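Step one of this worksheet: look at the structure below.
None of the values given here were measured: they were computed from a predicted structure. Lettering of chains follows the sequences in order, A, B, ..., and the numbering in each one begins at 1.
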Number of protein chains: 2
Amino acid sequence: MAARTRRPERRQEPLSRERIVSAAVELLDTVGEGGLTFRALAERLATGPGAIYWHVTGKTELLAAAAEAVVGPAIAGADTDATPQEAIRALALGVFDAIDAHPWVGAQLARTSWQSPMLRVFERVGRQVQALRVPEAAQFTAASALMNYILGVAGQNAVNTRTVQPGTDRTEFLDTVATAWAELDPGQYAFTRDVAGQLREHDDRTEFLAGIDLILTGIAARR
Amino acid sequence: MAARTRRPERRQEPLSRERIVSAAVELLDTVGEGGLTFRALAERLATGPGAIYWHVTGKTELLAAAAEAVVGPAIAGADTDATPQEAIRALALGVFDAIDAHPWVGAQLARTSWQSPMLRVFERVGRQVQALRVPEAAQFTAASALMNYILGVAGQNAVNTRTVQPGTDRTEFLDTVATAWAELDPGQYAFTRDVAGQLREHDDRTEFLAGIDLILTGIAARR
DNA sequence: GACACCTCTGGAACGCTGTTCCAGCGAGTC
DNA sequence: GACTCGCTGGAACAGCGTTCCAGAGGTGTC
């Protein structure tokens, strides 16, 4: 028994939404999307699965909160004294870099439509679209196109990091795919073969920005 | 036993990969993404879950095959005697319409990187990019941007149909979101409020095509 | 001090999933 | 008739998100 001598074995910090969310982010970062389970999370927090549900309604909300925690700060910067184009680029890169640092965020954003934080991105992209003097009737189209492109890249980024074995690095992965492309049937896949080299050597970030610029050029030309 | 008179109670058709995939497509179309389980599929095929695994390696392959079955025919058309822009539009619309008719395909395509059938889309988009006389060094970028945009729309389309309750129709759903947008804080969400009306009245297909055209314009301007 | 509250805990259990296992059926072959 | 082998389908397994609930621990009231 020795009930007298038992130490105050109660957990140092009490459970809280913040502690749960930040533990979830750590788990997602280290073990990946599939690694976030309520049991693993409970173990990390030295509690049981049931306790977590007191602070969080379910996995959906938990993932949304984790994404918010990571993306929120990344898009918080001010876009004063910058051209609209530069502001949009900076915003898009903020999202991109957050996804790059936390691949699971890409899947999460692509899965959850325009709730926060992507609604905030939409708002700020839209304002810059207005600053570009895009006709009112075309503003929704312009901002939507940018959002869809960003979310498309987000999703693909997530897919790629999910596909790659945890052991291999990015260069090796690109090399494998590029080699596979180069060995496709020349009749059926002439173009894909042609650009296999560009796939091998491209930089994701630069390429992402080039796509943004393509759309921005399109928007400017239509003004 | 009356073994003599027993009808050929053996299932009419034997199990086969095609039967399984087409049953999966039916299930996905009627019950949605979450409705495709091996048990439901087995019941529909009047067999057990184990039998399915003889013809299909697992759920991943099954989903890929289902997407291929739906998207494959949609992008099979020939693009002879059409301008490159028209060919790209037609191709993109083929993918869009397939997704529109089978919402789960959007999620599937967005989830599986550029395997078939999206690699075939990439190839054919790329050829038209070459036909547009885009400099070699920019071809990968141009084709990738189009692909990422298409996949972004695909993913968002899937999200929206997943969010909406099976009861309500699209108009009602758009109305709800647009109303919510119109009631946002004017200080923080000025732009979003401004375009709430455009959200309510927009047509997905037209909007999708407008985005494609924006990128095409950007590509042409950079030539 | 005793009692009743009420927030919060965490382990057990539920129903569901994808997947594996394997006894056995039925047609074709020696 | 026996043997083989492609194929079947029901049972079982491990894991998931989620729910349930007995009870611990702190706080306020008499």
query: For A:Y53 and C:dA13, what is the distance between atoms OH and P respectively, to the nearest whole Å?
result: 18 Å
message: Which nucleotide wins on minimum distance to the side chain of A:L15, given the candidates D:dG17, C:dT9, D:dG10?
response: C:dT9
query: Is there a side-chain polar atom (N or O) of A:T47 under 4.0 Å from OP1 or OP2 of C:dT9?
result: no
query: B:L45 CG to D:dC7 P: how many Å, rounded?
result: 16 Å
field: A:D204 side chain reached by A:R170 side chain, heavy atoms, under 4.5 Å
entry: yes
- request: Could you walk me through whether A:W181 and A:F191 pass ring pair (Phe, Tyr, Trp, His ring centres under 6.0 Å), step by step?
  value: CA-CA 10 Å; A:W181 280 17; A:F191 171 76; 8.5 Å; no
query: Partners of B:Y189 by ring-ring contact (aromatic ring centres under 6.0 Å, His included), sequence neighbours excluded?
result: none
- prompt: Can you find a side chain N or O atom of B:H55 that sits less than 4.0 Å from OP1 or OP2 on D:dT8?
  reply: yes
Members of residues 31-40 of chain A that approach DNA chain D, where some heavy atom sits under 4.0 Å away: A:L36, A:T37, A:F38, A:R39
query: Between A:I52 and B:G58, who's closer to the 5' end of DNA chain C by nearest nucleotide?
result: A:I52
query: With ring centroids as reference points, do A:F96 and A:F208 lie under 6.0 angstrom apart?
result: yes
message: Less than 3.5 Å apart, any donor N or O on the side chain of A:S113 or B:R162 sitting next to an acceptor on the other?
response: no
query: How close or far is atom P of D:dG15 from atom CD of A:E43, stated in whole angstroms?
result: 13 Å
message: Is B:W54 close enough to D:dT8 that one of its side-chain N or O atoms is under 4.0 Å from OP1 or OP2 there?
response: no
query: Under 3.5 Å, side chain of B:T57 to main-chain N/O of B:Y53, donor-acceptor pair present?
result: no
message: Can you measure A:R19 atom CZ to C:dT9 atom C1' for me and round it to whole angstrom units?
response: 13 Å
task: For B:L41 and C:dT17, give me the distance from atom CG to atom C1', rounded to whole Å.
output: 14 Å
